Student: 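Below are the structure tokens for one structure; questions will follow.
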Amino acid sequence: MSENTPDTATVLLARIERHEVSIQAFSSYDPVRLRHDAGNAPKGPLSGLSVGVKDIIDTAYYPTAHGSPIYAGHHTPNDAACVTQLKAAGALCVGKTVTTEFAFFRDGPTVNPYDFSRTPGGSSSGSAAAVGAGMIDIGLASQTAASLTRPASYCGVVGFKPSYGRYAGAGIKGLAPSFDTLGTITPDVKTAVLADSVLKGPVPTASTVKSAVPKRVGVCRTPWWDQAEDSTRMALQKAGACLGGETTVEDVDLSVFKAAADLHVTIMSYEACQALGWEYAEQRALLSSQIVSLIEAGRAIDYATYRQALAEADRLRAQIADVFTRYDLLLAPAAPGEAPKKEDGTGSPIFSRIWTLLRLPTVTLPGFTGVNGLPVGIQLLGAFGEDESLLDYATWAETLFPARPIPSICVQDTGHE
């Protein structure tokens with residue numbers, strides 16, 4: 001266990017100030033507050049580790065703006081449950097990381113640490129970019145469609161979206177309660193395991209980082225494989241080859257789940273319409289066209305259609321449970337390809353809608369690069385509720401995948417040479 005000292009804050013701030021002017025990962029942070037916290041943080045399993053808090057998650061000291069001018073300067077009197085847990089375990093809360101508007105599509109100023117002309121992905125833009133640039137150890141993130149997985153892939157970092165409901169959601173602005181899931185973005189699986197040991201319950205548990213070899217791995221190209229770019233196609237092929245020396249790796253056809261993406265859109269639209277009802281009714285002029293379109297799509301869905309979609313989602317969840325009686329682990333694309341140019345948006349969520357609908361735990365692992373030399377991640381998926389097993393498998397796979405590429409802006413930082 002490391003300890004927090006004034007030197008911890010000095011080193012951390014030097015990294016942030018070196019890169020933040022270019023990356024713009026933070027919506028707010030305070031060097032004075034960070035130095036104070038470093039000298040007063042309790043000792044715990046996360047001592048010495050820094051955390052960036054996605055700006056849909058409440059913090060008492062820093063404003064929580066949800067990526068929207070409606071909430072500019074908005075303060076809550078308390079921290080969210082997850083922030084309280086991490087701070088009690090000794091982690092240093094660095095500040096708030098940029099999110100897209102209400103964790104949907106309108107992006108903020110953050111850029112990709114590998115190429116400043118590219119998006120870091122959304123909606124957990126700042127958390128992924130800050131971890132990718134080596135500014136922080138843990139980025140709190142969330143996923144309602146692909147908001148954690150896609151940024152992790154684009155920024156060359158590890159993204160852990162646990163099983164739905166594993167982490168407490170108190171104090172987090174919701175978009176679609178059937179799917180909203182808190183998770184983490186970290187530089188490696190070990191750090192994800194450490195964070196999980198704190199976040200998964202009211203009292204931290206022992207953190208055991210262990211490697212486990214699955215007996216059978218299914219490679220799932222998903223029903224949307226035609227939307228995969230060459231970079232993702234090559235990465236998935238290489239990932240399967242990396243694992244094939246120690247386990248049985250074979251293709252698995254999940255075409256029966258093709259309805260999952262449309263079901264996800266229906267449920268998310270209906271629920272987002274309610275979650276953002278006040279903003280639409282009272283502050284519509286300050287909403288983006290993307291959010292207005294989402295809300296109005298939800299308003300056009302009747303209750304019977306919504307209930308039918310929920311029932312169909314439950315049926316598919318029962319079907320995927322049967323798949324995991326045959327496979328210990330699934331491999332799947334994390335994003336269509338490398339990060340798009342920033343003016344082209346935050347990227348398509350198509351390769352995560354299915355897994356978010358099914359509520360499965362997923363680890364996005366880095367190590368592969370695309371045709372432009374930018375990161376391309378791969379998803380590892382486990383059965384619902386089998387998060388520890390998935391993290392054990394990810395620990396094993398991480399040693400077999402190529403090393404995580406480090407952005408050129410970071411090669412002079414301590415620990416990255």
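None of the values given here were measured: they were computed from a predicted structure.
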Student: Kindly write out the residues that satisfy side chain to side chain contact (heavy atoms under 4.5 Å, CB included) with Ser207, not counting sequence neighbours, or none if the list is empty.
Tutor: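 Scan of Ser207 (side chain to side chain contact (heavy atoms under 4.5 Å, CB included), adjacent residues dropped) gives Val193, Leu194, Ser197, Val209.
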Student: For the residue pair Thr144 and Thr356, what are the closest heavy atoms and their distance?
Tutor: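 Looking at all heavy atoms of both residues, the shortest contact is O-CG2, 3.2 Å.
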Student: Could you give all pairs that pass the ring-ring contact (aromatic ring centres under 6.0 Å, His included) test and reach residues 24-43, with sequence neighbours left out?
Tutor: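 Listed once each, the pairs are Phe26-Tyr29.
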Student: Please enumerate all residues that pass ring pair (Phe, Tyr, Trp, His ring centres under 6.0 Å) together with Tyr270, with sequence neighbours excluded.
Tutor: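 Residues passing ring pair (Phe, Tyr, Trp, His ring centres under 6.0 Å) with Tyr270: Tyr306.
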Student: Among residues two or more places apart or on two chains, list those pairs meeting salt bridge (Lys or Arg N to Asp or Glu O under 4.0 Å) that have a residue in residues 373-384.
Tutor: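 Those involving residues 373-384 do not exist here.
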Student: What are the two closest non-hydrogen atoms of Phe401 and Phe368, and how far apart are they?
Tutor: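 So the minimum-distance heavy-atom pair works out to CD2-CE1, 3.7 Å.
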Student: Run the salt-bridge test on Lys342 and Asp107 with the 4.0 Å N-O cut-off and return the result as yes or no.
Tutor: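 Yes.
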Student: What pairs with Glu101 under salt bridge (charged side-chain N to carboxylate O under 4.0 Å, His left out), at least two apart in sequence or on another chain?
Tutor: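 Once residues adjacent in sequence are excluded, the partners of Glu101 under the salt bridge (charged side-chain N to carboxylate O under 4.0 Å, His left out) criterion are Arg106.
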Student: Which residue pairs satisfy the salt bridge (Lys or Arg N to Asp or Glu O under 4.0 Å) criterion with at least one member in residues 159-182, sequence neighbours excluded?
Tutor: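 Qualifying pairs: Arg166-Asp196, Arg166-Asp387, Arg166-Glu388, Lys173-Glu279.
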Student: Extract all donor-acceptor atom pairs below 3.5 Å that involve side chains of residues 329-340 and protein atoms in other chains or at least two apart in sequence.
Tutor:
unit_1	atom_1	unit_2	atom_2	d
Glu338	OE1	Asn372	N	3.3
Glu338	OE1	Asn372	ND2	2.8
Glu338	OE2	Asn372	N	2.9
Glu338	OE2	Gly373	N	3.3
Glu338	OE2	Leu374	N	2.9

Student: Before accepting this row, confirm whether a basic side-chain N of the pair Arg33/Asp30 lies closer than 4.0 Å to the acidic partner's carboxylate O.
Tutor: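 Salt bridge: no.
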Student: State which residues pass side chain to side chain donor-acceptor pair (under 3.5 Å) with Thr110; sequence neighbours excluded, sorted by chain then number.
Tutor: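 Thr110 satisfies side chain to side chain donor-acceptor pair (under 3.5 Å) with no residue once adjacent residues are dropped.
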Student: Quick one: side chain to side chain donor-acceptor pair (under 3.5 Å) pairs with a partner in residues 217-240, sequence neighbours left out?
Tutor: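 For residues 217-240: Arg221-Asp251.
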Student: Quick check against the 3.5 Å criterion: does Thr395 have a side-chain atom that pairs as donor or acceptor with the backbone of Leu391?
Tutor: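 Pair found, side chain donor or acceptor close to backbone of Leu391.
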Student: Which heavy atom of Arg404 sits nearest a heavy atom of Gly156, and at what distance?
Tutor: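 Smallest heavy-atom distance, with atoms named: CD-O, 2.7 Å.
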Student: Which pairs pass salt bridge (Lys or Arg N to Asp or Glu O under 4.0 Å) with one or both residues in residues 50-63, sequence neighbours excluded?
Tutor: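 Listed by first then second residue: Asp55-Lys96.
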Student: Under the rule for side chain to side chain donor-acceptor pair (under 3.5 Å), what residues qualify as partners of Ser211, not counting sequence neighbours?
Tutor: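 If we apply the side chain to side chain donor-acceptor pair (under 3.5 Å) test to Ser211, skipping adjacent residues, there are no hits.
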Student: Would you confirm whether Thr76, through its side chain, and Asn78, through its main-chain N or O, come within 3.5 Å as a donor-acceptor pair?
Tutor: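 At least one qualifying donor-acceptor pair exists.
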Student: According to side chain to side chain donor-acceptor pair (under 3.5 Å), who are the partners of His264, at least two apart in sequence or on a separate chain?
Tutor: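 Partners of His264 under the side chain to side chain donor-acceptor pair (under 3.5 Å) test: Arg353.
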Student: Can a side-chain donor-acceptor contact be found between Thr97 and Ser127 if the only test is distance below 3.5 angstrom?
Tutor: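 Indeed, the side chains of Ser127 and Thr97 share at least one donor-acceptor pair under 3.5 Å.
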Student: Looking only at side chains, do Asp188 and Thr191 share a donor and an acceptor under 3.5 Å apart?
Tutor: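 The answer is yes; a qualifying pair exists.
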Student: What closest approach, in Å, do Thr84 and Asp79 show between heavy atoms, and which atom pair accounts for it?
Tutor: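 Shortest heavy-atom contact: OG1-CB, 3.6 Å.
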Student: Look up atom CG in Asp262 and atom CG in Leu357, then write down how far apart they are to the nearest 0.5 Å.
Tutor: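 One finds 10.5 Å between CG of Asp262 and CG of Leu357.
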